[in-house]
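Single-structure report; data block below.
This is a predicted model, so every value here is computed, not measured. Note: hydrogens, waters and symmetry copies are ignored here, and every other heavy atom, side chains too, is used.
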Amino acid sequence: QVQLVESGGGLVQAGGSLRLSCAASGSIFKINAMGWYRQAPGGQRELVARIADDGVTNYAESGEGRFTISRDNAKNTVYLQMNSLKPEDTAVYFCNAEIIGYISSWPFDSWGQGTQVTVSS
């Protein structure tokens with residue numbers, strides 16, 4: 001019913017920048033919070049950044065000051081601008097959205113398939 005598709009990942013040198021995008025599509029009435037998570041090989045999925053429907057943002061300490069999350073509600077899209085990238089940022093980055101559909105008033109979580117970010121040293 002709902003799909004999230006990430007894009008913008010790739011290979012970048014340390015100190016470089018990438019901008020990730022995630023577009024939500026399907027039967028969507030409203031999107032509450034949206035966020036980015038990442039998972040390194042063999043590691044657990046961890047929060048990178050989150051933006052609520054009121055615009056309040058939260059960042060993991062690892063990315064605070066370097067990463068910026070934003071959203072375009074008209075496009076159902078969330079972005080993650082990543083600057084001053086470090087090799088430690090290498091991971092698969094997943095998009096998450098808390099969605100309210102038309103069938104139920106209860107929100108549910110939707111996840112993208114992930115986009116690879118590799119930072120070389």
Side-chain angles (χ1 to χ4, degrees):
Q1 301 287 343
V2 176
Q3 278 193 314
L4 302 180
V5 180
E6 302 98 336
S7 62
L11 176 64
V12 65
Q13 287 185 298
S17 299
L18 284 174
R19 190 192 191 208
L20 306 183
S21 299
C22 172
S25 62
S27 183
I28 300 172
F29 173 71
K30 183 179 183 293
I31 301 178
N32 292 336
M34 304 186 78
W36 288 94
Y37 295 72
R38 69 186 183 187
Q39 187 171 13
Q44 295 189 10
R45 190 170 299 185
E46 64 180 18
L47 173 71
V48 178
R50 177 184 180 272
I51 181 167
D53 54 357
D54 61 1
V56 175
T57 58
N58 294 279
Y59 297 92
E61 187 175 354
S62 59
E64 192 165 9
R66 300 184 298 122
F67 296 174
T68 302
I69 188 170
S70 61
R71 61 192 290 174
D72 186 337
N73 292 329
K75 298 180 179 179
N76 286 338
T77 300
V78 63
Y79 306 93
L80 183 67
Q81 178 68 45
M82 303 187 292
N83 299 325
S84 302
L85 283 164
K86 306 174 182 178
E88 307 93 271
D89 297 318
T90 296
V92 178
Y93 284 70
F94 296 91
C95 176
N96 170 263
E98 184 179 285
I99 295 173
I100 299 176
Y102 291 101
I103 299 176
S104 174
S105 297
W106 295 96
F108 62 92
D109 284 332
S110 183
W111 291 89
Q113 293 183 337
T115 183
Q116 177 70 47
V117 171
T118 303
V119 184
S120 63
S121 60

To the nearest 0.5 Å, how far apart are [atom1] in [X] and [atom2] in [Y]?
{"X": "Lys86", "Y": "Ser84", "atom1": "NZ", "atom2": "OG", "result": "8.0 Å"}
{"X": "Ser21", "Y": "Gln81", "atom1": "OG", "atom2": "CD", "result": "9.5 Å"}
{"X": "Thr68", "Y": "Asn83", "atom1": "OG1", "atom2": "CG", "result": "6.5 Å"}
{"X": "Phe94", "Y": "Tyr37", "atom1": "CZ", "atom2": "OH", "result": "12.5 Å"}
{"X": "Gln3", "Y": "Ser110", "atom1": "CD", "atom2": "OG", "result": "8.5 Å"}
{"X": "Asn58", "Y": "Glu64", "atom1": "CG", "atom2": "CD", "result": "9.0 Å"}

(message) Taking atom CD as the centre, does Glu88 end up with more than 12 heavy-atom neighbours from other residues, nucleotides or ligands that are less than 6.0 angstrom away?
(response) yes
(message) Other residues, nucleotides and ligands only: do more than 12 of their heavy atoms fall within 6.0 Å of CD on Gln39?
(response)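 Above 12, so yes.
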Could you work out, with side-chain hydrogen bond (donor to acceptor under 3.5 Å, both in side chains) as the rule, every residue matching [X], not counting sequence neighbours?
{"X": "Ser62", "result": "Arg38"}
{"X": "Gln116", "result": "Thr118"}
{"X": "Arg71", "result": "Asn73"}
{"X": "Asn32", "result": "Lys30, Glu98"}

(message) Which Ile, Leu, Val, Met, Phe, Trp or Tyr residues join Leu80 in one cluster when any pair of side-chain heavy atoms under 4.5 Å counts as a link?
(response) Val2, Val12, Leu18, Leu20, Ile28, Ile31, Met34, Trp36, Val48, Ile51, Tyr59, Phe67, Ile69, Val78, Met82, Leu85, Tyr93, Ile99, Phe108, Val117, Val119
(message) For a quick test of reading the model, state the closest non-hydrogen atom pair linking Thr90 to Ala40 and the distance between them.
(response)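 Heavy atoms only, the tightest pair is O-CB, 4.0 Å.
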(request) Would you list the pairs meeting disulfide bond (SG atoms under 2.5 Å apart) in which at least one residue belongs to residues 88-121, sequence neighbours left out? (result) Cys22-Cys95
